[in-house]
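Right, one structure below, let's go through it.
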Amino acid sequence: MEEKEIIIELKDVYKKFGTRQILSGVSLKVYRGETLAIVGGSGCGKSTVLRHMTGAIRPDSGSVFMKGQNLAELDEDKLDDFRKKFGVLYQSGALFDSLSVKENVCMPLREHTKLDENIISIMVKMKLELVGLRGFEDLMPAQLSGGMKKRVGLARAIVMDPEIIFYDEPTAGLDPIVSGVIDKLILDLSKKLSITSVVVTHDMNSVFRIADRIAMLHEGKIIQVGTKEDFRNTAEPLVKQFVNGEPEGQINFFMSGDDYLNELTK
Amino acid sequence: MKNIIENIGSIVIKTCQHIVNVSALFVDTIYWLFVGPFKKKAAKRQAIFEQMVFVGVKSLIIVFFVALFTGIVIAMQTAPQLSSLGVVIYVAGLVSVSITRELGPVLTGLVIAGRVGAAIAAELGTMKVTEQVEALESMALNPIRFLVVPRFLALVIMLPCLTIFADAVGIFGGYLIGVFNLNINSALYIDTTFRFLTTKDVMTGIVKSFVFGGIIALIGCYYGLNTSGGAEGVGKSTTISIVTSFILIILADCILTAIFFFTNI
C-alpha cells in the first residue's frame, strides 16, 4: 500500500475544561483526500477534537500538526494562512445574523481576495447552486430553516475552495431527505474535488454513506479506528453497541453515581 | 469566618483576572486600530459608520431629553437659594458649569452605557453562543478587528460629540427656566452663561466622555465575547456589562475630577 500524505495529526492531546477532563490522550491522523468520520456519544469530546484541528483551542498537553507544522508554534498570521485553506461547517450553520445570505457567503472572498464584485457575485451563485439554494441570495438568516442555514453555511465553507472541510454534526436535527442531500454534497465535494473532509457526527447512517475511515471516541480516548467494514464486523463491545444503537451494554446511559435505591430511600 | 475570607479571596482573584483580561483586550484593540491599517487589515469603514450611526445619531433623542430636563432641574433647584442671596442671575453660570464639567458627560455616558453598551454585550454574546465568533476566526478574520475595533472607534468618537450636544441642550434647559420663570433678561442670561463658562470646563467634560466611551466599548465587548451558556448567558453578560460600565464610569469620573482638581486644570 502506498504511503498516504498526512494532512492533520493529533499527538497525545489532553484537554480539560474547568474540572472536566474532556480529552485524555487522543492521537489521530487524517490523510489527504480521505473522509474521516469521528463518532461517539454526546459529550464525549468529538467537537473538541474538531476545534483542536481548526486551531480554535489549544491542547493542555500534546500537539496538533497540520501539514507537519505544529499549530501551537505558529503565530496568528501563519495560523490565518492555514485557516484560509480550510472551511468549517458549524452545527447551527453559524451564519452572521446581520448579513444576508449572499453577504454571508461572499464574506471570505471580500476579505481575503481582491476579486471584482461581478466575479464574487458569480462565485456566490455557483456555490449556492451547489447546495441547491440559488435565488435565496437576498434573504436574511432569520428567514431560513435549520437545514437551509446549514446549506448556506456549507456554501460559505467552500467558497474559498478549501483543501480541507470540517463538518460539525452536519446532519443533526435534519429530516432524512435533507440529511441525504447533505451527505451527497459531502461525498460530491470530497470525490469530485478531492477535498479532505473531517466529519464529526453521531448519525451512523450518514457515517456509513460518506466515510472512508471511522474513528470512535469514548471518554476522551480513541477506542477504534478503521474502515466501514471494520466497524460493521467489530468485536469491540463498545463500538458494537454504538453502531447498533443498543440501549444496554458497556456504555452506561445512566450517568448518576449514587446507587439508585440508596438515593430514593435517603 | 474561614468561608468569608475564602469568598473575599476568590472575588479578589476573579476581579484581578477580569482586569488583566480587559487590559489585554484594550491592548489588542489598540494594536488592531493602529497597526491593522499598515498590514492592510484595517477595520471596515462601512462597519465603523454603521456603529457610529447606531451610537450617535440614534441616541440623540434620549440624550436630548435627559440633558434638557437635567438643565431645567438644576435651574429650578438652585434658583430659590440663589435668589435668597440676591444673585439669581448666577443660575446661568451654575447651570452651564455643572452641565459641562460634570452632568453632561456623566449622564450621557450612563445613558449610552445602558443603550449601546448593553446592545453590544447582547449582540456579541449571541454571536459567541451561536458559534459566529468562532466562525469568524475559522475564516481567518480576527474578531477584535471585525467586531471590537468598529464599536470602540464609534464610541470614542461619538460619545464626545453627544456630550457637546448634551451640554448645549442642558444649558438651553436652564435658559428656559431662567428667562421664562425667573424673568432674567434673555441677553443677560446668555452673557452670564459665557462669562462663567471657560474652554477648560468644556474640555474637561470632553476628556471625560472620551474615557467613558472607551470604557463602555471595552466592557460591552469583553462580557459579550466571554459569554457562555445560551440565552441565559447572554442575559447575564448584558446585565453585568451594564453594572460594570456604570461603576467604572463613576469611578473614572471621580479619578479624572480629582486629577483636574489637584492639578488645577
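Hydrogens, waters and symmetry mates play no part in the numbers below; they use all other heavy atoms, side chains included. Throughout, a chain's letter reflects where its sequence line sits, starting with A, and its residues are numbered from 1. No experiment lies behind these values; they were computed from the predicted model shown.
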Checklist entry - What residue pairs, at least two apart or across chains, pass salt bridge (charged side-chain N to carboxylate O under 4.0 Å, His left out) with a residue in residues 224-252 of chain B? => result B/Glu232-B/Lys236
Item to check | More than 12 heavy atoms from other groups under 6.0 Å of CZ on B/Phe65 | outcome: no
Next on the checklist: Looking at B/Phe54, I want to see if its CZ is surrounded by more than 12 non-hydrogen atoms of other residues, nucleotides or ligands under 6.0 Å.
Outcome noted: yes
Item to check | Rounded distance [0.5 Å steps], CZ in A/Phe96 versus CE in B/Met139 | outcome: 3.5 Å
Checklist entry - Side chain, backbone, both or neither: which part of A/Phe86 has an atom under 4.5 Å from a heavy atom of chain B? => result both
List, with distances to 0.1 Å, the donor-acceptor pairs found between chain B and chain A - the cut-off being under 3.5 Å and no angle criterion applied.
from     : atom 1 : to       : atom 2 : distance (Å)
B/Lys39  : NZ     : A/Asp77  : OD2    : 3.3
B/Lys44  : NZ     : A/Glu111 : OE2    : 3.2
B/Glu131 : OE1    : A/Ser92  : OG     : 3.4
B/Gln132 : OE1    : A/Asp97  : N      : 3.4
B/Gln132 : NE2    : A/Leu95  : O      : 3.4
B/Gln132 : NE2    : A/Asp97  : OD2    : 3.0
B/Glu134 : O      : A/Tyr90  : OH     : 3.2
B/Glu134 : OE1    : A/Arg51  : NE     : 3.2
B/Glu134 : OE1    : A/Arg51  : NH2    : 3.4
B/Glu134 : OE2    : A/Arg51  : NE     : 3.2
B/Glu137 : O      : A/Arg83  : NE     : 3.4
B/Met139 : O      : A/His112 : NE2    : 2.7

Checklist entry - Which bit of A/Leu89 comes within less than 4.5 Å of chain B, counting heavy atoms only: side chain, backbone, both or neither? => result neither
Checklist entry - Take atom CZ in B/Phe246; do more than 12 heavy atoms of anything else shown fall under 6.0 Å from it? => result yes
Item to check | Best-contacting candidate, A/Ala94, A/Pro162, A/Gly55, A/Gly87, against chain B by heavy atom pairs under 4.5 angstrom | outcome: A/Ala94
